[in-house]
Amino acid sequence: MECKYYHQQDNGQVECMLCPHHCRIANGKTGICRSRRNRDGVLVSEAYGRPCALAIDPIEKKPLYHFHPGTQCLSIACTGCNFRCLNCQNHDISQAAPSMTETYELSPSQVVELCLKHHCPGIAYTYTEPLTYIEYITDTARLAHDAGLWNILVTAGYVCRDPLNDLLPFLDAANVDLKAFSDDFYRNVCGGRLQPVLDTILAMRDAGVWIELTNLVIPSMNRRDGIQEDRTASATATGNDDMETIRLMCRWIADNGLADNPLHFSRFFPRFKMRNTPPTPVSTLQRAKQIAHEEGLRNVYLGNV
């Protein structure tokens, strides 16, 4: 399937315009997401119509707590992600190419038919980074709306505005993984930047999409039991549990009209390339929740506890 968002270059490369990475991709190669490949100057999505995971989930698992609670959704995922999070819990499919995993052949219309067959009121695009196969979910979401189904996006929100604008009219709800309120954390742990994620959240807000935010709280290596230790100039903190930074994040959420939208603080457990990092102390999450309430957020939840 030819991708919609790219520019051809004079040297045979293509520049992908889907996300802020703007990958310049040589012939035969893929971008960071591993699923968008340059084939003789044409950028194609190798994930289109090839989901690697299908399940029926409670909507609370997304997590969405204030969007039709008690209902179920058809969850669907293709391989690929435009982040390289060191703590990724689904790295076997998010950090893989479509050719590396078992996949199904499902057209957008077949996805909608499957959802209707199982009496699910909505479809959740989830588990990996659905924005890396945005053409597939936009085509599916359009048909889903025609059939009276909801569309739910579970995403890290790293996308350019034009592709996002094409999807927004068909999007009903989203859980955005706001990984930290620190550009350094995004660069060092995720391989991206913070501002484009904030821009995505605001664009969803302006489009009337129901938004819930998740912040996975990861202990810094120079912290113990939720208490900050003295830092030296050479200390490296790979976590995002600095309470002043969490306060700034909560203040930004409140200042941008999202004080009533749920914020989920989620507990970290060792995963992928961060297996030596200990689980988050529950006391750290409780302190984060207290700060969120102090900053005016009214619906704050703790996850993985």
Side-chain angles (χ1 to χ4, degrees), residues 16 18-24 30-35 79-96 127-129 131-132 154-160 175-202 213-253 263-281 284-285 287-288 291-292 303-304:
C16 182
L18 175 63
C19 85
H21 289 307
H22 287 288
C23 293
R24 290 180 176 267
T30 65
I32 288 174
C33 67
R34 296 188 175 94
S35 67
T79 61
C81 185
N82 52 0
F83 277 166
R84 290 287 183 267
C85 297
L86 302 179
N87 59 295
C88 183
Q89 65 176 357
N90 288 330
H91 58 88
D92 55 330
I93 54 176
S94 71
Q95 304 300 310
Y127 302 146
T128 57
E129 178 46 73
L131 292 174
T132 62
V154 182
T155 178
Y158 204 61
V159 67
C160 292
N175 185 292
V176 181
D177 189 4
L178 183 53
K179 296 179 181 295
F181 208 69
S182 161
D183 201 61
D184 285 344
F185 182 91
Y186 267 90
R187 290 179 184 274
N188 296 330
V189 177
C190 308
R193 293 179 289 121
L194 170 62
Q195 189 59 51
V197 179
L198 301 181
D199 293 342
T200 293
I201 294 169
L202 297 182
L213 302 173
T214 295
N215 178 234
L216 178 69
V217 182
I218 303 174
S220 298
M221 296 301 289
N222 58 339
R223 293 173 188 270
R224 184 184 66 244
D225 297 329
I227 306 299
Q228 183 173 0
E229 299 177 358
D230 292 337
R231 299 191 183 195
T232 66
S234 61
T236 300
T238 57
N240 60 353
D241 59 342
D242 176 75
M243 291 299 150
E244 286 309 308
T245 304
I246 288 175
R247 184 177 296 278
L248 290 173
M249 178 184 70
C250 295
R251 189 171 299 165
W252 181 89
I253 294 169
L263 172 62
H264 304 261
F265 286 115
S266 191
R267 191 183 188 198
F268 165 86
F269 288 94
R271 292 289 189 276
F272 197 31
K273 297 182 180 180
M274 296 186 72
R275 294 186 181 275
N276 293 326
T277 302
T280 314
T284 299
L285 299 180
R287 175 59 180 146
I291 288 172
N304 290 344

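These numbers were taken from a predicted model, which means no experiment stands behind them.
- No side-chain donor from either of D241 and T284 sits under 3.5 Å from a side-chain acceptor of the other.
- The backbone N or O of I32 sits less than 3.5 Å from a side-chain atom of R84, completing a donor-acceptor pair.
- E129 and S94 form no side-chain donor-acceptor contact under 3.5 Å, judged by distance and modelled atom types alone.
- In this structure, Y158 contributes its side chain and P20 its backbone to no donor-acceptor pair below 3.5 Å.
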- Decide yes or no on side-chain contact (heavy atoms from CB on, under 4.5 Å) for L86 and F272, but give the supporting numbers first. CA-CA 6 Å; L86 302 179; F272 197 31; 5.6 Å; no
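- Under a 3.5 Å cut-off, the side chain of N90 and the backbone N or O of Y127 do form a donor-acceptor pair.
- In this structure, the side chain of T128 does not engage the main chain of I93 through any donor-acceptor pair within 3.5 Å.
- With sequence neighbours left out, T200 forms a side chain to side chain contact (heavy atoms under 4.5 Å, CB included) with V159, L164, M204.
- With rounding to the nearest 0.5 Å, the separation of CG in L194 from CG in L198 is 4.0 Å.
- Between L18 atom CG and S35 atom OG the span is 8.5 Å, to the nearest 0.5 Å.
- Side-chain N or O atoms of N304 include one that pairs as donor or acceptor with a backbone N or O of R267 at under 3.5 Å.
- Contact between H21 and G192 at its shortest, heavy atoms only, is CE1-CA, 4.5 Å.
- Of all non-hydrogen atoms in T277 and P219, the two that sit nearest each other are CG2-O, 3.6 Å.
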- Message: side-chain contact (heavy atoms from CB on, under 4.5 Å) for F181 and R247? Distances and angles first, verdict last.
- Response: CA-CA 9 Å; F181 208 69; R247 184 177 296 278; over 6 Å; no
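- Here the CD1-CE distance, from I291 to M243, works out to 5.5 Å after rounding to the nearest 0.5 Å.
- Nearest heavy-atom pair across G157 and L131 is CA-CD1, 4.1 Å.
- The line from CG of L216 to OG1 of T280 is 6.5 Å long, rounded to the nearest 0.5 Å.
- Using modelled atom types, one side-chain atom of N215 and one backbone atom of L178 make a donor-acceptor pair closer than 3.5 Å.
- Between K179 atom NZ and D177 atom CG the span is 3.5 Å, to the nearest 0.5 Å.
- Taking 4.5 Å as the limit, some side-chain heavy atom of H264 sits within range of a side-chain heavy atom of N175.
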- Query: What do the steps show when you test V189 against N87 for side-chain contact (heavy atoms from CB on, under 4.5 Å), and what is the final call?
  - Reply: CA-CA 8 Å; V189 177; N87 59 295; 4.0 Å; yes
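- Counting heavy atoms from C-beta outward, R34 and C81 have side chains that stay 4.5 Å or more apart.
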- Mind running side-chain contact (heavy atoms from CB on, under 4.5 Å) on T214 and V154 for me, showing each step along the way? CA-CA 10 Å; T214 295; V154 182; over 6 Å; no
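- Between P270 and N276, every side-chain heavy-atom pair lies at or beyond the 4.5 Å cut-off.
- Around atom CD of Q89, no more than 12 heavy atoms belonging to other residues, nucleotides or ligands sit under 6.0 Å away.
- Counting only distance, with no hydrogens or angles, the side chain of Q95 and the backbone of F83 share a donor-acceptor pair below 3.5 Å.
- The CG atom of N240 sits 7.0 Å away from the OG atom of S220 when rounded to the nearest 0.5 Å.
- Between F268 and M274, the closest heavy-atom pair is CZ-O, 3.6 Å.
- Closest of all the heavy-atom pairs between F265 and A292 is CE1-CB, 4.0 Å.
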